[in-house]
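Taking it in order: structure first as structure tokens, then the write-up.
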Amino acid sequence: MDKATIADVLEKIATLLELKGENPFKIRAYTNAARSLETWGGNISDLRDEETLEKIPGIGKAIAAKIKELVETGSLKFFEDLRSEFPAEILELFSLPGLGAKKIKALYEQLQVSSIAQLQEACTAGRVAELPGFGKTTQDKLCRAIAERTKHAGSFHLGAIAAEAETLQNDLRAHPDALHVCIGGSYRRRKEIVRDLDFIVATSAPAEITAIFAQHPLVESIIAQGPTKSSVRLRSGIQCDLRVVTGAEYPFALNYFTGSKEHNIVMRNRALQRGWTLNEYRLGPAPPVADSPKKKTTGKIPEVREEADLYRALELDYIPPELRENCGEFEAASAKTLPRLVEAENLRGTFHCHTTASDGHNSLEEMAAAAQSLGLQYLGIAEHSRSSIQANGLDVPRLRAQVAAIRKLNREFENFRLFAGVECDILRDGSLDFDDEVLAELDYVVASVHSAFTLSEADMTRRIIRAMSNPFVTMLAHPTGRLLLKRDPYAVDVPAIIEAAAETGTWIEINAAPKRLDLDWRWWPLAKEKGVKCVINPDAHRTERLQELWFGIGVARKGWLTKADVMNCLPLGKIEGELTRKRTRK
DNA sequence: GCCGTTTTCGGCCCGACTGTTTTCAGTCG
């Protein structure tokens, strides 16, 4: 039982309570608790302890007791009882846009519809349109939504939609009537998965901007179009929302639509505490409410010209979008202790890239040239090792040949260097795919799990820690093996891995490939606290994928990391000594 | 169900759009 499973149960409770028509604030309490638990940095074993549980914000006596029961017995009576009141598949109806708890309840009680398949049947038979509160339009919309759902899962890798997003943003920016254009939402916060794109545009010509947006060549269909808000679907399937505001409203709209929702709630509350009301358009005086002491007016409302002014008005340092998850950014911003986050420009090199020697698509020379054109001072080549047969892994002679090729090529460079490494498989028992004598010939070693994903959590954790204990292992790659939207992480005790990395001096990778983004940003504050060093690697199998480092920077920033936390921000002169520090330390 | 620097009771963010209504409920973000 892990945190994500428990959070999932709490989420499901919230949804089921919604179906029952429970008190909305009680429902929100469960949602808040789920979210709070997910982002909490503590250890799973502490979840048996109710006192620790109640210290997590949003978790009080009642929910703490439920989590305890869940962790100790593996099930929760309250949840099981609740669940038995409805057919199991009914929850899938919530994934259809336009359907919420009230409508699902009506469909269930009046038409006995409790699955998407049954809904499709009822729509085809025309029974949905006859329900009070529904109509022909709603019925047709649901039909389309069901068809759409099979076509697009509705979730996208950040990397899969970034190009479309930037194109649309640039085209809007090029329009003379656009004063400011920004993509807010989870895209601006650099979440690993985005469900939609929120465009915020400041303009004095809303109709023109709306038209440009709706008629853009990337747009496949228009979902809604009004004077200030429009929604379209792009060719990739992602939904884009456009908000058109005035120049004066822009900083408020940008802030509001960047979110997260949880961040916004705290912002609004801070405004309320100062006697103001904050919405997506302005900071205004709070409406007078009798007997409401916290809504005392506290003087003149500060002028806000840009987002930073808004934070200043609420007595906060500017909070970078990546940190706006209500995971401690308010405490830090008010104490003036926000870190200066790492930036793409800080990167000096990277490790963990492949060439045609194993399963890459470009030669050593091509990869080196691509790295130099990105302004990097060094590039580490780490091919697969012999056990990764599916990836054309190198045996010892082929590895030695590549090391020789790298050493030879290095003589041709000025102010640039290739490092010779390997992506060495961690075998089932935690031993490595090459002997230490072979590893010692390399500049560095990346260790990864590529097989036996189904070990128990204890075995997998032991396996990885054993590998990290090898003095030649410089860094641990994609520590959880997840493939976003495709494969869950294998069972592994991440805090234990972090602890071992700190003890052994092993760096942990942020694998910047958009399908991985592993280790997840939620773990980095803990890793940083333990003194673990980060390395951002693209795991590039072709030259153009080196640019995915940009997504890794997003993860590092979300994880509160600074330049000093990321090893590949070190210049060429300093990185070499760091690569071999572990094998020479006593 | 959670929370608390005037609170242990009474709040809990709130505006836009759509579709079904004929003044508003539901959904969404």
Side-chain angles (χ1 to χ4, degrees), chain A residues 10 13-14 17-18 21-37 53-67 78 93-107 128-142 145 154 184-187 189 194-200 210 222-231 239-245 249 252-253 255-273 276-282 284 286-287 289 291-296 326:
Chain A
L10 294 174
I13 290 176
L17 291 176
E18 228 183 325
E22 262 281 6
N23 173 2
F25 298 110
K26 186 172 172 177
I27 294 162
R28 192 182 298 170
Y30 277 97
T31 314
N32 289 344
R35 166 143 185 131
S36 188
L37 186 65
L53 278 168
E54 282 182 53
K55 282 193 194 122
I56 304 174
I59 296 180
K61 275 208 172 325
I63 294 183
K66 289 190 175 75
I67 294 176
F78 175 75
L93 290 172
F94 281 87
S95 68
L96 291 175
L99 275 192
K102 301 272 169 60
K103 287 209 164 118
I104 293 173
K105 195 166 184 240
L107 287 167
V128 171
E130 291 162 11
L131 280 185
F134 291 72
K136 177 91 171 61
T137 317
T138 304
Q139 179 174 279
D140 292 347
K141 227 173 133 179
L142 286 173
S186 51
Y187 185 81
R189 301 201 316 278
V194 280
R195 300 190 65 88
D196 64 4
L197 293 169
D198 300 291
F199 286 82
I200 303 110
T210 301
I222 299 172
I223 299 165
Q225 195 171 347
T228 65
K229 183 190 168 182
S230 309
S231 297
Q239 181 175 330
C240 290
D241 298 333
L242 170 73
R243 301 279 179 158
V244 199
V245 296
E249 291 165 339
F252 301 101
N255 188 253
Y256 182 90
F257 291 113
T258 295
S260 62
K261 209 190 290 179
E262 293 73 15
H263 181 90
N264 289 353
I265 288 171
V266 178
M267 291 291 279
R268 279 169 190 274
N269 279 332
R270 286 188 78 97
L272 277 176
Q273 283 159 13
W276 309 322
T277 170
L278 172 65
N279 60 28
E280 57 264 60
Y281 302 114
R282 64 192 61 84
V289 178
D291 306 327
S292 185
K294 76 174 172 184
K295 292 181 181 173
K296 261 187 303 193
N326 194 19

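To find a chain, count down the sequence lines: A is the first, B the second, and so on, and within it residues start at 1.
Base pairing of dC2(B): its partner is dG11(B), meeting the Watson-Crick or G-U wobble criterion (both donor-acceptor distances under 3.5 Å).
Not one N or O on the side chain of Asp241(A) forms a donor-acceptor pair closer than 3.5 Å with the backbone of Ser231(A). In terms of modelled atom types and a separation under 3.5 Å, the side chain of Ser186(A) and the main chain of Val194(A) share no donor-acceptor contact. Using modelled atom types, one side-chain atom of Arg189(A) and one backbone atom of Thr258(A) make a donor-acceptor pair closer than 3.5 Å. At distances below 3.5 Å, at least one donor-acceptor pair connects side-chain atoms of Arg268(A) with backbone N or O atoms of Leu278(A). Side-chain N or O atoms of Gln139(A) include one that pairs as donor or acceptor with a backbone N or O of Val128(A) at under 3.5 Å.
Of the C1' atoms belonging to dG10(B) and dC17(B), the separation is 32 Å, rounded to the nearest Å. Using atom C1' as the reference point in both dG11(B) and dT6(B), the two lie 15 Å apart (nearest Å). Spacing between dT22(B) and dG29(B) at atom P, rounded to whole Å, works out to 28 Å. Nucleotides dG19(B) and dC12(B) place their P atoms 31 Å apart, quoted to the nearest Å. With P as the reference atom, dT18(B) and dC13(B) are 26 Å apart, rounded to whole Å. dG1(B) and dT5(B) have their C1' atoms separated by 24 Å, with the value rounded to a whole Å. For the C1' atom pair drawn from dT21(B) and dG26(B), the interatomic distance equals 12 Å after rounding to whole Å. Look at the C1' atom in both dT20(B) and dA25(B): the space between them is 9 Å, to the nearest Å.
Set against dG1(B), dC17(B), dG15(B), the side chain of Tyr281(A) has dG15(B) as its closest nucleotide. With distances taken from any side-chain atom of Asp198(A) to the nucleotides dT27(B), dG29(B), dC13(B), the minimum falls on dG29(B). Residue Pro97(A) places its side chain closer to dC28(B) than to any other of dC28(B), dA16(B), dC17(B). Closest contact between the side chain of Arg268(A) and the listed nucleotides dG26(B), dC13(B), dG15(B) involves dC13(B). Nearest nucleotide to the side chain of Lys102(A), out of dG1(B), dG26(B), dC14(B): dG26(B). In this structure, the nucleotide among dG26(B), dG1(B), dA16(B) sitting nearest to the side chain of Lys103(A) is dG26(B). Picking from dC17(B), dG1(B), dC28(B) the nucleotide with the shortest atom distance to the side chain of Ala29(A) gives dG1(B). Nearest nucleotide to the Pro227(A) side chain, out of dC17(B), dC13(B), dG1(B): dC17(B).
Residue contacts for Ile59(A): at a heavy-atom cut-off of 4.0 Å it reaches the sugar-phosphate backbone alone, with no base atom in range. Residue-level contact check: Thr228(A) touches the backbone only, with heavy atoms under 4.0 Å from sugar-phosphate atoms and none from bases. Here Gln225(A) lies in heavy-atom contact (under 4.0 Å) with sugar-phosphate atoms only. Using a 4.0 Å heavy-atom criterion, one finds that Leu17(A) contacts no nucleic acid atom at all. Among the heavy atoms of the strands lying under 4.0 Å from Pro57(A) are primed sugar atoms or P, OP1, OP2 only; no base atom is included. At the heavy-atom level, Asn23(A) lies under 4.0 Å from base atoms of the strands shown. Among the heavy atoms of the strands lying under 4.0 Å from Leu99(A) are primed sugar atoms or P, OP1, OP2 only; no base atom is included. Looking at heavy-atom distances under 4.0 Å, Tyr30(A) makes contact with sugar-phosphate atoms alone, never a base. Counting non-hydrogen atoms under 4.0 angstrom, Ala33(A) reaches nothing in the nucleic acid. Among the protein residues, Lys61(A) comes within range of the sugar-phosphate backbone only, with heavy atoms under 4.0 Å from sugar or phosphate atoms but none that close to a base.
Comparing Phe78(A) and Asp196(A) by the nucleotide of DNA chain B whose heavy atom lies nearest to each, the residue mapping closer to the 5' end is Phe78(A). Along DNA chain B, the nucleotide nearest to Gly58(A) and the one nearest to Glu280(A) differ in position, and the one closer to the 5' end is contacted by Gly58(A).
The distance between atom CG of Leu272(A) and atom C1' of dG4(B), rounded to the nearest whole Å, is 15 Å. For the pair Tyr256(A) OH and dG29(B) P, the computed distance is 11 Å after rounding to whole Å. Regarding Ile104(A), its CD1 atom lies at a distance of 13 Å from the P atom of dG26(B), rounded to whole Å. Rounded to a whole Å, the CG atom of Asn255(A) is 19 Å from the P atom of dG29(B). Computed from coordinates, the Lys26(A) NZ to dG1(B) P distance equals 4 Å when rounded to whole Å. With rounding to whole Å, Leu93(A) atom CG is found 17 Å from dG26(B) atom P. Taking atom CD1 of residue Ile222(A) and atom C1' of nucleotide dC17(B), one finds them 15 Å apart after rounding to whole Å.
Shown here for Thr210(A) and Leu242(A), the closest heavy-atom pair between the two residues is CA-CD2, 3.9 Å.
A syn base is found at dT7(B): its glycosidic angle is within 90° of 0.
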Worksheet item: Nucleotide by nucleotide, 5' to 3', does protein get under 4.0 Å of the base (B), only the sugar-phosphate (S), or neither (-) in nucleotides 19-24 of chain B, counting heavy atoms?
Response: SSS---

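Side-chain atoms of Asp241(A) and base atoms of dG29(B) include no donor and acceptor less than 3.5 Å apart.
Regarding contacts with the backbone of dG1(B), a side-chain N or O of Lys66(A) is found under 4.0 angstrom from either OP1 or OP2.
Side-chain contact, Tyr256(A) with Lys261(A): no donor N or O sits under 3.5 Å from an acceptor N or O.
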Practice prompt. Check the pair Val245(A), Thr228(A) against side chain to side chain contact (heavy atoms under 4.5 Å, CB included), reporting the backbone distance first and the verdict last.
Written response: CA-CA 7 Å; Val245(A) 296; Thr228(A) 65; over 6 Å; no

